[in-house]
Amino acid sequence: MRLAWLAVALVLAACSQDTPAEEPRSTLDADEVVSGYQFLQADTQALQDDDFANPGFLWVDQGEALFSNAPPQSKACSACHGEEGSELIGVAAHYPAMDEKTGSLVNLEGRINLCRTRHQGLAPLDYESEQLLSLTAYVAHLSHGDPIKVDISGGVSDWYERGEDYFFTKRGQYNLACNQCHNDNWGKQLRGDTISQGHGTAFPGYRLEWQTFGSLQRRLRDCDAGVRAEPLAYGSDDYLAVELYLAKRAEGLPIEVPGVRR
Ligand code: HEC
Ligand code: HEC
């Protein structure tokens with residue numbers, strides 16, 4: 001497994017060895033932006049498409065129950081956001097976004113935790129906990145099929161640039177940046193995967209390799225570990241910034257949650 005990554009890393013690194021540091025950053029053309037779904041094998045696509053077989057719906061359904069039932073001595077999400085989340089339809093397609101009250105950027109997980117602490121009098125949920133994954137899956141699924149569109153104006157622009165810098169910075173023992181795989185080599189084979197353009201539209205989603213459901217940041221940690229860099233902590237500012245950068249980069253692609261990936 002590692003050898004295959006290494007082989008590709010060497011090839012990719014060789015291609016970029018002599019390029020000067022100031023080389024313009026390669027980007028995707030707007031008309032070539034496609035979901036990772038397009039690079040999956042037909043049976044994985046079929047699993048995602050079948051609402052009864054797609055294992056991710058276990059998390060969506062758990063999320064719906066958490067959303068609708070009031071925790072002891074507190075209010076249900078649905079008390080403020082409508083039965084069946086009627087007031088939150090389409091909302092997830094615009095995240096990460098600024099929280100007006102604190103002036104800080106939040107992703108969907110962070111937004112849900114703000115409601116827990118600010119409006120429900122509850123403790124925040126841990127990243128990758130079943131409850132937070134389920135609530136995030138449910139709220140994201142309310143935007144299923146909606147095109148991603150995020151605001152990067154004003155104070156958000158610094159976050160966007162931070163995410164972009166992370167995307168173009170080489171790291172790890174293989175000294176590879178995200179763009180070298182997902183901008184420059186998408187469509188090529190790596191370890192039995194076809195490298196996609198690296199969009200986050202399926203997440204939180206179910207990965208067959210995990211045998212479970214996970215967040216976009218878990219996927220990012222896998223990519224960092226893949227180049228043998230130390231993965232960042234869940235909820236770190238850098239990953240939050242990368243999520244924003246990825247959302248802007250994927251603008252127009254529909255939310256697929258719950259996606260299924262290899
Ligand atoms: C050595 C190549 C490589 C590097 C470098 C890399 N990735 Fe990946 N990435 C992969 C492979 C392989 C997959 C799984 C197949 C695919 O592309 O969807 C993947 C998957 C993804 C996915 C999920 C795509 C989907 O549709 O399921 C995202 C998002 C992603 N990468 C983002 C990143 C980010 C952000 C970075 C930099 C921090 C990065 N990747 C660095 C190879 C790489
Ligand atoms: C007592 C009312 C209340 C409860 C209960 C509540 N929220 Fe909220 N929620 C709000 C308010 C008010 C906002 C607007 C931002 C703010 O003022 O914090 C908001 C914002 C949101 C947003 C962002 C909406 C947007 O347009 O960007 C999401 C998503 C959300 N809540 C999800 C949840 C979830 C999931 C739960 C349950 C875990 C929950 N909320 C519980 C009041 C509530």
Side-chain angles (χ1 to χ4, degrees), residues 2 4-40 95-96 105 107 147-150 152 156-203 205 207 209 214-233 236-253 256 259 261-262:
R2 286 204 169 133
W5 273 86
L6 182 60
V8 170
L10 292 176
V11 172
L12 298 180
C15 299
S16 55
Q17 222 165 32
D18 300 324
T19 48
E22 298 305 318
E23 189 198 12
R25 290 171 164 183
S26 63
T27 50
L28 299 172
D29 292 335
D31 61 2
E32 66 180 3
V33 172
V34 287
S35 164
Y37 175 91
Q38 302 298 335
F39 303 94
L40 299 174
Y95 273 75
L105 190 75
N107 59 10
I148 294 182
K149 187 166 174 25
V150 286
I152 59 162
V156 187
S157 65
D158 289 346
W159 285 96
Y160 175 81
E161 279 162 28
R162 182 173 179 166
E164 184 179 36
D165 284 343
Y166 196 90
F167 195 85
F168 286 92
T169 302
K170 293 179 185 177
R171 60 177 50 80
Q173 284 178 36
Y174 295 167
N175 199 31
L176 286 171
C178 317
N179 67 295
Q180 289 177 277
C181 285
H182 293 300
N183 284 357
D184 305 342
N185 285 289
W186 59 270
K188 295 189 186 152
Q189 296 295 315
L190 178 59
R191 267 183 62 193
D193 276 315
T194 306
I195 303 177
S196 74
Q197 296 173 350
H199 299 299
T201 47
F203 292 91
R207 274 196 75 199
E209 187 177 306
S215 67
L216 177 56
Q217 294 203 4
R218 183 169 179 185
R219 174 66 256 191
L220 299 183
R221 284 169 59 91
D222 281 5
C223 279
D224 273 343
V227 297
R228 299 224 199 153
E230 187 63 42
L232 302 182
S236 69
D237 282 352
D238 275 331
Y239 277 168
L240 182 58
V242 173
E243 281 194 50
L244 178 71
Y245 178 72
L246 290 180
K248 184 69 192 170
R249 186 173 167 269
E251 216 160 68
L253 287 181
E256 291 168 50
R261 292 293 188 268
R262 182 166 168 273

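The shown structure was predicted, so the numbers you read here are calculated from the model rather than taken from an experiment. Along the sequence shown, residues are numbered consecutively beginning with 1.
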d(R221 CZ, S215 OG) to nearest 0.5 Å is 9.0 Å
When rounded to the nearest 0.5 Å, the distance separating NZ of K188 from OG1 of T194 is 12.5 Å
Which heavy atom of [X] sits nearest to which heavy atom of [Y], and what is that distance?
| X | Y | result |
| --- | --- | --- |
| Y166 | C178 | O-SG, 4.1 Å |
| P231 | A225 | CG-CB, 4.1 Å |
| A250 | H199 | CB-ND1, 3.5 Å |
| L220 | L246 | CD2-CD1, 4.0 Å |
| D184 | S26 | OD1-OG, 2.8 Å |
| F167 | A177 | O-CB, 3.7 Å |

For residues [X] and [Y], determine if any side-chain heavy atom of one lies less than 4.5 Å from a side-chain heavy atom of the other.
| X | Y | result |
| --- | --- | --- |
| K170 | Q180 | yes |
| V227 | Q173 | no |
| E161 | Y245 | no |
| N183 | R249 | yes |
| V150 | Y160 | no |
| R261 | E256 | yes |
| R25 | D165 | yes |

By side-chain contact (heavy atoms from CB on, under 4.5 Å), V34 pairs with (sequence neighbours left out) Q38, F39, Q197
Residues passing the side-chain contact (heavy atoms from CB on, under 4.5 Å) test with D31, sequence neighbours excluded, are D29
Atom pairs and distances, donor-acceptor, side-chain atoms in residues 236-243, under 3.5 Å, two or more places apart:
{"unit_1": "S236", "atom_1": "OG", "unit_2": "A233", "atom_2": "O", "d": "3.3"}
{"unit_1": "S236", "atom_1": "OG", "unit_2": "Y239", "atom_2": "N", "d": "3.3"}
{"unit_1": "D238", "atom_1": "OD1", "unit_2": "R162", "atom_2": "NE", "d": "2.8"}
{"unit_1": "D238", "atom_1": "OD1", "unit_2": "R162", "atom_2": "NH2", "d": "3.4"}
{"unit_1": "Y239", "atom_1": "OH", "unit_2": "D224", "atom_2": "OD2", "d": "2.6"}
{"unit_1": "Y239", "atom_1": "OH", "unit_2": "L232", "atom_2": "N", "d": "3.2"}
{"unit_1": "E243", "atom_1": "OE2", "unit_2": "N107", "atom_2": "ND2", "d": "3.0"}
{"unit_1": "E243", "atom_1": "OE2", "unit_2": "Q217", "atom_2": "NE2", "d": "2.8"}

Side chain to side chain donor-acceptor pair (under 3.5 Å) filter on T169, not counting sequence neighbours, yields none
With sequence neighbours left out, the residues meeting side chain to side chain donor-acceptor pair (under 3.5 Å) with D158 are none
Residues at least two apart in sequence or cross-chain that pass ring-ring contact (aromatic ring centres under 6.0 Å, His included) with Y95, listed by chain then number, are none
